[in-house]
Amino acid sequence: MSEQVRVRFAPSPTGDLHLGNVRTALYNWLYAKHTGGAFILRVEDTDKVRSTEQSFESLLEIMKWLGLDWTEGPGVGGPHAPYRQSERTAIYEDYLGKLKSGGFVYPCYCTEEELELERKRQLGRGHMPKYGGKCLKLTEAERKQWDAEGKTSVLRFKVPAGEILVRDEVRGEVVFPDDQLGDFVLTRSDGSPTYNFTVVVDDALMKVTHVIRGEDHLSNTPKQILIYKALGFTPPKFAHLSIIKGADGQKLSKRHGETSCESYRAKGYLPEAFLNYLALLGWAPKSGEILSLKEMAAEFDLTHVGKSGATFDAVKLHWMGAQYIAKLSLDDLTRGVLPFLDEAQLLTRDKARDKFDWLKQVVDTVRTSLGCYSDVVKETFYFFSDELSFEPAQTEEMSGQLKVLEAFEKAFQEWAGEFNGENFMKIVKEVGKATGAKGKGLYHPLRLALTGREDGPELAKVGPILGRDKVVERLRVWTKGEVKD
RNA sequence: GACCCCAUCGUCUAGAGGCCUAGGACACCUGGUUUUCAUCCAGGCAACACGGGUUCGAAUCCCGUUGGGGUCACCA
């Protein structure tokens, strides 16, 4: 059994790539790397109505951004091309012929209204809805007549009796009882094949050995196994990953906010950090939580993938992001953050080039609190803008500290030496001595006046970066009573 | 409703019958460093859903209950 492992990620291009899909792609990729196998990217775009070219393009782009490179698929080709289902219709036609001649399918002329009615009746009786097989009983003459009348039909798969066993790599053996499966649709009334059919044909022809996908496909698996058998193929091994949930315990969806991979890229998360976090949702590496794709691949193993659903936690993702940002060089981090400052209209790229060293200092002061690049905007706002806003309670506090603020203003105003961190602290200490203010009473009013925030980096760093004039100016806003908000 | 899956700290998880007085990470709290803030360091809070079995012994195996989730399309 030294057969090469072949796995695939097969999304449909019907919108932005979802977090759950990213984890599925990652696990497939990791398993391929771990085993030295192939990672196939296949695009399931048989739904002509919902699939778009734009989604297809952005899918490829986001996969590249993530660094999940594929050994076969769009752009790189491979021995089983094409890798877009919309380009494989002739192949499906071929295999459909085999099912027809084997007597595995029959046409169904039921209208959507009829089917809907049947479904409702079954639901009302407390049964799982399934197709009753009405059109199976049609005679050849009746079919000819329907066809002649121009009635549209779909092709259904004739489900044989007998329970179906799914052997799942993460779930063990799952038995689906006999009578639950109705004859399901293989081709639509326009003749196009449906997912359950194309997925089997493609996985079989592409020699996929392990189908690793979301749990939502588990209930489709019996149908697919039936098709494998009818076509004379050996089914691959299956591994169904538990669903990723939102904070309310439901399957993660749009109403939970940010669920597309794209939105995390737009926020400026590092792809390595993003994948590292996602990897931890259902898998626990032995060697600690922070590890590179290469390290993950070395350790990854299907048997240690968890069965229970995990809740997505943006707070921990933020922490993970910060771990990766901490590893960046200051130059790289500063360059990375630049587009976000530009977008927020705090600093244009041109200006940034002129003041790059200054900008580096700014970024350095806040680097430990950045989970993603875009965090830089809220963390460094006050370095670029004078429009600080204050809560009523803060304004009140400042009014009570006027003496201290005045002392600061005077001391900074009169300072003629170099305005560095050391001297800044010297001045602060002197003001403390002169006014008797100390600790929070000394620093807090100054911090608020300079940054408009309760927290932030060391003032000894903030002051010199702002420069003496700016410091005096921001103090004067208070001492002159010119409060703006 | 039917079928299927799942069940350890608030969250992600370790745990493959004795190593478990249940370990780690995030979050939170406290202390130290810092006359502010943050980092950092040290410590702390906090969980085996419940009930029956099996066993000398169960978080771990079995059954049931409860709870949560997924799926029931001419979507994938």
Side-chain angles (χ1 to χ4, degrees), chain A residues 10-14 44-47 49-51 85 108 110 112 115-116 119 122-131 152-156 166 168 170-172 174-177 179-182 184-196 198-199 213-222 240 242-243 245 247 249-251 277 280-286 288-290 303-304 306-313 315-320 326 365-369 425 428-429 432 437-448 451 453-462:
Chain A
S12 49
T14 54
E44 311 221 319
D45 54 355
T46 53
D47 184 343
V49 181
R50 298 196 306 155
S51 301
Q85 293 192 325
C108 167
C110 295
E112 285 191 45
L115 294 171
E116 188 55 37
R119 234 186 326 262
Q122 283 163 336
L123 238 28
R125 251 180 292 144
H127 289 297
M128 182 157 159
K130 64 168 193 179
Y131 182 63
T152 59
S153 64
V154 301
L155 236 38
R156 285 185 187 272
V166 177
D168 192 282
V170 341
R171 264 150 236 287
V174 183
V175 180
F176 289 84
D179 52 341
Q180 294 303 127
L181 269 188
F184 53 92
V185 174
L186 285 187
T187 64
R188 307 185 180 95
S189 48
D190 66 358
S192 64
T194 59
Y195 163 76
N196 281 121
T198 58
V199 77
R213 79 228 302 192
E215 191 185 10
D216 42 341
H217 286 289
L218 185 55
S219 50
N220 278 324
T221 312
H240 287 95
S242 58
I243 236 89
K245 300 179 289 185
Q250 309 271 80
K251 184 178 175 179
Y277 172 70
L280 264 24
L281 257 29
W283 177 61
K286 295 260 179 288
E289 291 194 328
I290 299 175
T303 62
H304 282 92
K307 296 190 240 258
S308 51
T311 305
F312 179 77
D313 180 8
V315 175
K316 188 155 183 179
L317 170 62
H318 186 274
W319 169 81
M320 182 65 82
T365 62
V366 297
R367 63 177 303 161
T368 54
S369 46
M425 287 309 285
V428 171
K429 279 174 189 163
K438 57 186 167 185
K440 203 164 181 172
L442 177 64
Y443 282 86
H444 199 248
L446 181 59
R447 177 178 290 285
L448 269 176
T451 70
R453 289 179 47 147
E454 302 275 340
D455 55 17
E458 271 181 77
L459 285 176
K461 285 183 177 165
V462 174

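Numbers restart at 1 for each chain; the letters A, B, ... are given by sequence-line order, proteins then strands. All figures in this text were calculated on a predicted structure; none of them were measured in a lab.
- A donor-acceptor pair under 3.5 Å is absent between the side-chain atoms of A/T451 and the main chain of A/L448, judged by distance alone.
- Within 4.0 Å of A/R119, counting heavy atoms only, lie sugar-phosphate atoms of the nucleic acid but no base atom.
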Under 4.0 Å protein heavy-atom contact, by nucleotide of nucleotides 28-45 of chain B - B base, S sugar-phosphate only: -------BBBSS------
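- B/U71 atom P lies 20 Å from atom CD of A/Q122, rounded to whole Å.
- We find the OH-CG distance between A/Y443 and A/L459 to be 7.5 Å, quoted to the nearest 0.5 Å.
- In this structure, the NE2 atom of A/H217 is 10 Å from the P atom of B/C72, given to the nearest Å.
- Separating the CG atom of A/N196 from the P atom of B/A76 is a distance of 8 Å, rounded to the nearest angstrom.
- The backbone N or O of A/T14 lies less than 3.5 Å from no partner atom in the side chain of A/S51, so there is not a single donor-acceptor pair.
- Between the A/R119 side chain and the A/K130 main chain, no donor and acceptor come within less than 3.5 Å of each other.
- At least one side-chain nitrogen or oxygen of A/T46 sits closer than 4.0 Å to the OP1 or OP2 atom of B/A76.
- Comparing B/G51 with B/A59, their P atoms are spaced 13 Å from each other, to the whole Å.
- In this structure, A/R50 atom CZ and B/C74 atom C1' are separated by 13 Å, rounded to whole Å.
- Rounded to a whole angstrom, the distance from the C1' atom of B/U8 to that of B/G15 is 9 Å.
- Across A/P13 and A/E44, no two heavy atoms sit closer than the pair CD-O, 3.6 Å.
- A/H318 comes within 4.0 angstrom of no nucleic acid atom, judged by non-hydrogen atoms across all strands.
- Separating the CD atom of A/Q250 from the P atom of B/G70 is a distance of 5 Å, rounded to the nearest angstrom.
- Going from the C1' atom of B/U11 to that of B/A47 covers 12 Å, rounded to whole Å.
- The side chain of A/Q180 lies closest to B/C3 when the candidates are B/C74, B/C72, B/C3.
- The minimum heavy-atom distance between A/S242 and A/K307, with the atom names listed, is CB-O, 3.3 Å.
- If you check B/U21 for Watson-Crick or wobble pairing at under 3.5 angstrom, you find it has no partner at all.
- Using a 4.0 Å heavy-atom distance criterion, A/P177 is classed as a sugar-phosphate-only contact.
- Listed for the A/R447 side chain is no donor-acceptor partner under 3.5 Å among the backbone atoms of A/L442.
- Of the candidates B/C3, B/C5, B/A76, B/C5 carries the atom nearest the A/E215 side chain, counting heavy atoms from C-beta on.
- Taking a pair to require two hydrogen-bonding distances under 3.5 Å in either a Watson-Crick or a G-U wobble arrangement, B/C61 pairs with B/G53.
- Across B/A27, B/C3, B/A76, the shortest atom-to-atom separation from the side chain of A/D47 is found for B/A76.
- The distance from atom NZ of A/K130 to atom P of B/A2 is 16 Å, rounded to the nearest whole Å.
- At whole-Å resolution of the value, CD1 in A/I243 and C1' in B/G68 are 13 Å apart.
- Within 4.0 Å (heavy atoms only), A/L218 reaches sugar-phosphate atoms of the nucleic acid but no base atom.
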Sugar-phosphate or base contact per nucleotide [nucleotides 9-15 of chain B; S, B, -; heavy atom under 4.0 Å]: --SBSSS
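- Spacing of P atoms, B/A46 relative to B/U30, comes out at 16 Å, to the nearest Å.
- Within the 4.0 angstrom heavy-atom criterion, base atoms lie near A/N220.
- Across the P atoms, B/G68 and B/U36 are found 49 Å apart, a figure rounded to whole Å.
- A residue-by-residue look at A/D216 and A/S189 shows that A/D216 has its nearest nucleotide of RNA chain B further toward the 5' end.
- Scanning both residues, A/Y277 and A/T311, for their nearest heavy atoms gives OH-O, 4.1 Å.
- Taking atom P in both B/G43 and B/C5, one finds a spacing of 44 Å when rounded to whole Å.
- A donor-acceptor contact closer than 3.5 angstrom is absent between the side chains of A/T194 and A/N196.
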Check against side chain to side chain contact (heavy atoms under 4.5 Å, CB included), A/R171 and A/L218: CA-CA 10 Å; A/R171 264 150 236 287; A/L218 185 55; 4.0 Å; yes
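- Applying the Watson-Crick and G-U wobble criteria (two distances, each under 3.5 Å), B/C26 pairs with B/G10.
- In this structure, A/V154 reaches the bases: a heavy-atom distance under 4.0 Å links it to at least one base atom across the strands shown.
- When the C1' atom is compared between B/U34 and B/A38, the two are found 10 Å apart, to the nearest whole Å.
- Here B/A27 presents its P atom at 12 Å from CG of A/L317, a figure rounded to the nearest Å.
- The nucleotide B/C45 finds no pairing partner, because no Watson-Crick or G-U wobble arrangement with both distances shorter than 3.5 Å includes it.
- Annotation: B/G57 and B/G18 have their C1' atoms spaced 7 Å apart (nearest Å).
- Within the 4.0 angstrom heavy-atom criterion, no nucleotide atom of any strand lies near A/V199.
- For the residue pair A/R156 and A/C108, the shortest heavy atom distance occurs at NE-SG, 3.2 Å.
- Counting atom types as modelled, A/R171 pairs no side-chain N or O with a base atom of B/C5 as donor and acceptor under 3.5 Å.
- Judged by Watson-Crick or G-U wobble contacts below 3.5 Å, the nucleotide B/A38 has no partner.
- The nearest pair of heavy atoms linking A/F312 to A/L281 is CD1-CD2, 4.2 Å.
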